[in-house]
Amino acid sequence: MTSPVLTVDADERLARLSQIFSEKQLHHLLVVDEDRFVGVISDRDFYKSIGPRAQSQIANSVEAAALNKRAHQVMSRHPICVREHQSVEDVMDLLIAHQISCVPVVNSQNFPIGIISWRDVIKLLREND
């Protein structure tokens, strides 16, 4: 599990998320709204939502405006999560069954305390090989 996890506010503009993805080199951001966990944004979904030219000098006004969207407009809602006591096998089952690339780990208040990606699972399997 990667912890601590970086969260962003549901009303954060995509321009700021672009900076975070770039600076932190993350693949997923967890979205909160008033201390409630509400969604996940993958880098793949993020770049798909803004388009290939939104951050370039040649972007037209519509493409550039995509960076003014809010996190809640592009996030995946109702994220599949696990509790910190669940097994790696549980995580692998969820990754496969739901065809997702990460599983947030939440505490008893459903607030994210970590994240497990398919990369984390592969690393663990390789270490135990």
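One is the number of the first residue; the rest follow in order along the sequence.
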Notebook entry, point to check: Does CD in E23 sit with more than 12 non-hydrogen atoms of other residues, nucleotides or ligands closer than 6.0 Å?
Noted result: yes

Only distances under 3.5 Å count here; give the side-chain donor-acceptor pairs of residues 30-38 to other protein atoms, sequence neighbours excluded, each with its distance to 0.1 Å.
none

Notebook entry, point to check: Excluding sequence neighbours, so at least two apart, what forms side chain to side chain donor-acceptor pair (under 3.5 Å) with T7?
Noted result: none

Next item on the list: Under the side chain to side chain donor-acceptor pair (under 3.5 Å) rule, collect the residues that match up with S42, sequence neighbours excluded.
Entry: D45

Can you tell me how far [atom2] of [Y] sits from [atom1] of [X], rounded to the nearest 0.5 angstrom?
X	Y	atom1	atom2	result
D43	S22	CG	OG	11.5 Å
M75	H28	CE	NE2	15.0 Å
H27	R44	NE2	CZ	11.0 Å
Q73	I41	CD	CD1	10.0 Å

Item checked: pair C102-V40: side-chain heavy atoms closer than 4.5 Å -> yes

Margin query: Please enumerate all residues that pass ring pair (Phe, Tyr, Trp, His ring centres under 6.0 Å) together with F21, with sequence neighbours excluded.
Written below: F46

Hey, quick one: are [X] and [Y] part of the same hydrophobic cluster, counting side-chain heavy atoms closer than 4.5 Å, chains of contacts allowed?
X	Y	answer
L29	V74	yes
L26	V5	no
M1	V82	yes
I20	Y47	yes

Item checked: Pairing residues for R126 by the salt bridge (charged side-chain N to carboxylate O under 4.0 Å, His left out) criterion, not counting sequence neighbours -> D129

Next item on the list: Using the salt bridge (charged side-chain N to carboxylate O under 4.0 Å, His left out) rule, collect all pairs that involve residues 79-97, keeping only residues at least two apart or in two chains.
Entry: none

Checklist line | Pairs flagged by salt bridge (charged side-chain N to carboxylate O under 4.0 Å, His left out) wherever residues 1-18 is involved - sequence neighbours left out | finding: none

Donor-acceptor pairs are to be reported for all side-chain atoms of residues 111-125 against protein atoms at under 3.5 Å, with residues two or more places apart or in another chain.
from: S117; atom 1: OG; to: R119; atom 2: N; distance (Å): 3.2
from: S117; atom 1: OG; to: D120; atom 2: N; distance (Å): 3.3
from: S117; atom 1: OG; to: D120; atom 2: OD2; distance (Å): 3.4
from: D120; atom 1: OD2; to: S117; atom 2: N; distance (Å): 2.9

